[in-house]
Trainee: 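Handing you this structure, nothing more for now.
For this chain, numbers begin at 1 and follow the sequence in order. Because the structure is predicted, anything quoted here is derived from the model rather than measured.
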Amino acid sequence: MFRGKEDVESGSGSEQVEEKSGNELESSDQLQQPNNKKKRYHRHTARQIQEMEALFKECPHPDDKQRMRLSQELGLKPRQVKFWFQNRRTQMKAQQDRADNAVLRAENESLKSENYRLQAELRSVICPNCGGPAMLGGISFEDIRIENARLREELERVCCLTSRYSGRPVQAMAPAPALIPPSLDLDMNIYSRHFAEPMPNGGGMMPMPMPMFPEASPYHETGLILMEEEKSLAMELAASSMNELVKMCHAAEPLWIRSNENGKEVLNLEEHARMFPWPLNLKQHSSEFRTEATRDTAVVIMNSITLVDAFLDANKWMELFPSIVARAKTVQVIASGVSSASGSLHLMYAELQVLSPLVPTREAFFLRYCQQNVEEGTWAVVDFPMDSFHDNNIQPSFPLYRRRPSGCIIQDMPNGYSRVTWVEHAEIEEKPVHQIFSHYVYSAMAFGASRWLSVLQRQCERVASLMARNIPDLGVIPSPEARKNLMRLSQRMIRTFSVNISTASGQSWTALSDSCADTVRITTRKITEPGQPNGLILCAVSTTWLPYPHYQVFDLLRDERRRSQLDVLSNGNALHEVAHIANGSHPGNCISLLRINVASNSSQHVELMLQESCTDQSGSLVVYTTVDVDSIQLAMSGEDPSCIPLLPLGFVIVPVEPIKESNTTSGDGNGNGNSMALSPEEANNIGVQNNSAGCLLTVGLQVLGSTIPSAKLNLSSVNAINSHLCSTVQQITAALSNGTGTGTGCPDNNNNGTVLGSWQEPDGGGAPKQ
């Protein structure tokens, strides 16, 4: 009885058939013998089944050598081993199919129950006007669609007439104004809401902030799905865009020429228009749009297959570029590769960011196409616009942004490396940017190919460190799995900080001064979901130009021993590193777990600080947050760390090239990878010294203003975080100018290390004065 059960569980019951098949194929003479009326079937022993099961768990598809070796060890014929593995795979597939069917049946029953419930609710719908039963189906959906089409045509006709007489385009389907209060809800409304950036005209009404919901999108996805008849056109555009990308990656002069000012490559727009004529079905934007086009090449420690998979998965793409991609979504998979990702075509949405509230995000819907060139051993991924399909249905972002054919070519190299050539080509509406960031944005450093590749290089090293198992860690990290969990928690901290200090998701920011040179912005967020402390969060961000190389500022802020000397940041408490994880080849790319040494602390009250620092050619980040010991142990034990509340603070350091003394755009006048220099007056207003390199230091602070999300923010909290922000910048500036010392008072514009957006202590609760 026991033996029979063992045979059934191991799948050997079906081996009667396999042995018979083996004997039938073994010799044709034996099959023709008339005396073989009854075949003798062989049942495998318990040891034979155990050995074959053990190999099956490691390798369900053994090769000829493995089957031969196993048959010799077990005293079986190779054909018997082969048929046993075939039957075992069939049995496992059948078990999996049964499990899948059970899950589908359960889901089907759940959907039926939900359908019955909704039908019952529809039968009990009450008319809000008369209180009687509602008349469902009184108007057919077809009538609604016809009426909707008629109203759309009428609206487009009115917009055309308005555009003809006003001289400027009018969007046919502009988004409705967000009827929500400003994000900063003060008890005493004494601050003006002046923005240095011009806001859209609201017809004399007070400008309303954009929606602040994290998942909200200014685009309505209605009508964005491509129909079947449009997919063939999309594939044709994908092929032409891929051809354009390949030529832009490989071509030299005259398509790409060297700038006389900085030696960088600049796209020759006339040559580009000649080589790639504009398709008749695409609209060419007017001179109100400037062109940004950059190209760069780098070697990254990741193979092409993994990179392509990350580019086609919106979530992986966001994780690979946490400081650039604020939001991303795959709207529609138009075509999938037959045997691999080659030939895939996705409709995607993305919001790109700079880590500052002073630079608007860039949002766009685009099509992403992937193709493999087997002969050359390369992969190519290209993005191209989709406004030729739904030009009237896509709601514009502010400022308007349109991706021209952009992407990368990936060439595999030995040892898992890849050479990536990146082209970033876009059209952006000509809108003023805050003067402290104008040079950074107009020189195409903010969204250019160099920044994309620098972040990609650093993140690939981080992924390699995440997957490594033989790296010795210093400190209290007990296992490789705990190391991974701590790195994932730190990754979430970086992403949370990046999104919270930018204008992503329509986050609205308030200026505290009417001065154009002011860079302080504050906002509030009402948090009720896990991942951040529940309540009212107050965030303040300020940007300062410093006449120091960005790596010098980075070395000061990432070193916990030097940073502890800054009273504002450490509150006089020393920091001691208890765990260290290297994230890349640069010593500054690391994660640290720091112990806050407070004299009054006992062993029961130990506070820790999680810090990650990272640097590359495009800039540096230092982000940290306080966590308790229980949370760290929870993360290391493998539990879900998404419930751990994080409220990160940090610094963003961006290198800035020397600014020429000019008030005109150099080169082709389109912002095509060239520097838009500041006038001497503008540079003096923000403390930037022309012809001198430096960096932009952005400080982001967050505090929990109240544990009640619906609470109102009082004036003292705004003054406190504003004063704290000013003191932080002062201490950093003093430490850089004096080496390691600290200073008091706000430096003026004539000193090295101009403090932008800094304030004196307000008098008697009044409005702060600069």
Trainee: If only atom types and distance count, is the side chain of N108 paired as donor or acceptor with the main-chain N or O of L104 below 3.5 Å?
Mentor: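 Pair absent, no side-chain N/O of N108 close to backbone of L104.
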Trainee: Test of understanding: with side chain to side chain donor-acceptor pair (under 3.5 Å), list the residues that count as partners of S490, not counting sequence neighbours.
Mentor: E612
Trainee: Report, as yes or no, whether the 6.0 Å neighbourhood of atom CZ on F56 holds more than 12 heavy atoms from other residues, nucleotides or ligands.
Mentor: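 Counting other residues, nucleotides and ligands, CZ of F56 exceeds 12 neighbours.
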Trainee: Just so I know, are the side chains of V331 and F365 near enough to count as touching, which here means a heavy-atom distance under 4.5 Å?
Mentor: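 V331 vs F365: side chains touch.
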Trainee: Less than 4.5 Å apart, side chain to side chain, heavy atoms only: is that true for F497 and P322?
Mentor: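 Answer no - side chains too far apart.
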Trainee: Are K93 and D97 within salt-bridge range, i.e. N to O under 4.0 Å?
Mentor: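 Looking at D97 together with K93, the answer is yes, because their closest N to O distance falls below 4.0 Å.
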Trainee: Between T378 and Q411, is any side-chain donor less than 3.5 angstrom from a side-chain acceptor?
Mentor: no
Trainee: For the pair R327 and E363, find out whether any cationic side-chain nitrogen is under 4.0 Å from an anionic carboxylate oxygen.
Mentor: yes
Trainee: Is it the case that the side chain of S110 and the backbone of A106 share a donor-acceptor pair, with hydrogens and angles ignored and the cut-off at 3.5 Å?
Mentor: no
Trainee: Honestly, is R368 close enough over W317, meaning NZ or CZ under 6.0 Å from the six-membered ring centre and within 45° of the axis?
Mentor: yes
Trainee: Please confirm whether the backbone N or O of R458 pairs with a side-chain atom of D616, one donor and one acceptor, at under 3.5 Å?
Mentor: no
Trainee: Could you tell me whether the side chain of S465 and the main chain of E461 form a donor-acceptor pair under 3.5 Å?
Mentor: no
Trainee: Does a side chain donor of either Q353 or T361 reach within less than 3.5 Å of an acceptor in the other side chain?
Mentor: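 No pair is found: no donor N or O on one side chain lies under 3.5 Å from an acceptor on the other.
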Trainee: Donor-acceptor pair, distance only, cut-off 3.5 Å: does the side chain of S613 make one with the backbone of G588?
Mentor: yes
Trainee: Can any side-chain N or O of R462 pair as donor or acceptor with the backbone N or O of M487 at less than 3.5 Å?
Mentor: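 Present.
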Trainee: Would you say the side-chain atoms of Q459 pair up with the backbone N or O of F321, donor to acceptor, closer than 3.5 Å?
Mentor: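 Pair absent, no side-chain N/O of Q459 close to backbone of F321.
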Trainee: What's the verdict on side chain to side chain contact (heavy atoms under 4.5 Å, CB included) for R79 and R67, showing C-alpha distance, side-chain angles and the deciding distance?
Mentor: CA-CA 8 Å; R79 188 167 297 172; R67 290 198 300 267; over 6 Å; no
Trainee: Checking T306 side chain against M302 main chain: does a donor-acceptor pair fall under 3.5 Å?
Mentor: no
Trainee: Heavy atoms, side chains only, cut-off 4.5 Å: are R403 and R362 in contact?
Mentor: no
Trainee: Go through the steps for V325 and W452 under the test side chain to side chain contact (heavy atoms under 4.5 Å, CB included), then give the verdict.
Mentor: CA-CA 10 Å; V325 183; W452 283 95; 3.9 Å; yes
Trainee: Passes side chain to side chain contact (heavy atoms under 4.5 Å, CB included), V578 versus H576? Steps please.
Mentor: CA-CA 6 Å; V578 296; H576 175 69; 3.9 Å; yes
Trainee: Any side-chain donor paired with an acceptor under 3.5 Å for D383 and S406?
Mentor: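 No, no side-chain donor-acceptor pair sits under 3.5 Å.
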Trainee: Are D100 and Q96 close enough that a side-chain donor and a side-chain acceptor fall under 3.5 Å?
Mentor: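 Yes - a donor-acceptor pair under 3.5 Å links their side chains.
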Trainee: Output yes when a side-chain donor or acceptor of R419 lies under 3.5 Å from a complementary backbone atom of V300, and no otherwise.
Mentor: no
Trainee: First locate atom OH of Y624, then atom CG of L608, and finally report the distance between them rounded to the nearest 0.5 Å.
Mentor: 15.5 Å
Trainee: Hey, what do you get for CE (M242) to CG (L245), rounding to the nearest 0.5 Å?
Mentor: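 Here the rounded value is 6.5 Å.
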Trainee: Kindly compute the distance separating CG (N500) from CZ (R495), expressed to the nearest 0.5 Å.
Mentor: 10.5 Å
Trainee: Can a salt bridge be assigned to the pair R295 and E424 using a cut-off of 4.0 Å between side-chain N and carboxylate O?
Mentor: no
Trainee: One thing to verify: whether K231 and E228 come together as a salt bridge, which I'm taking to mean a side-chain N less than 4.0 angstrom from a carboxylate O.
Mentor: yes
Trainee: Taking the side chain as C-beta and beyond, is there a heavy-atom pair between L367 and L237 under 4.5 Å?
Mentor: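 No, side chains not in contact.
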Trainee: Would you find a donor on one side and an acceptor on the other, under 3.5 Å apart, between the side chain of E230 and the backbone of M227?
Mentor: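 Checked: pair present.
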Trainee: Are any of the side-chain heavy atoms of L70 and L74 separated by less than 4.5 Å?
Mentor: yes
Trainee: Can you tell me how far apart CD (Q532) and CZ (R492) are? Round to the nearest 0.5 Å.
Mentor: 8.5 Å
Trainee: Have R69 and Q72 got a donor and an acceptor in their side chains that come within less than 3.5 Å?
Mentor: no
Trainee: Name the one of E577, R558, Q611 that satisfies side-chain hydrogen bond (donor to acceptor under 3.5 Å, both in side chains) with S592?
Mentor: E577
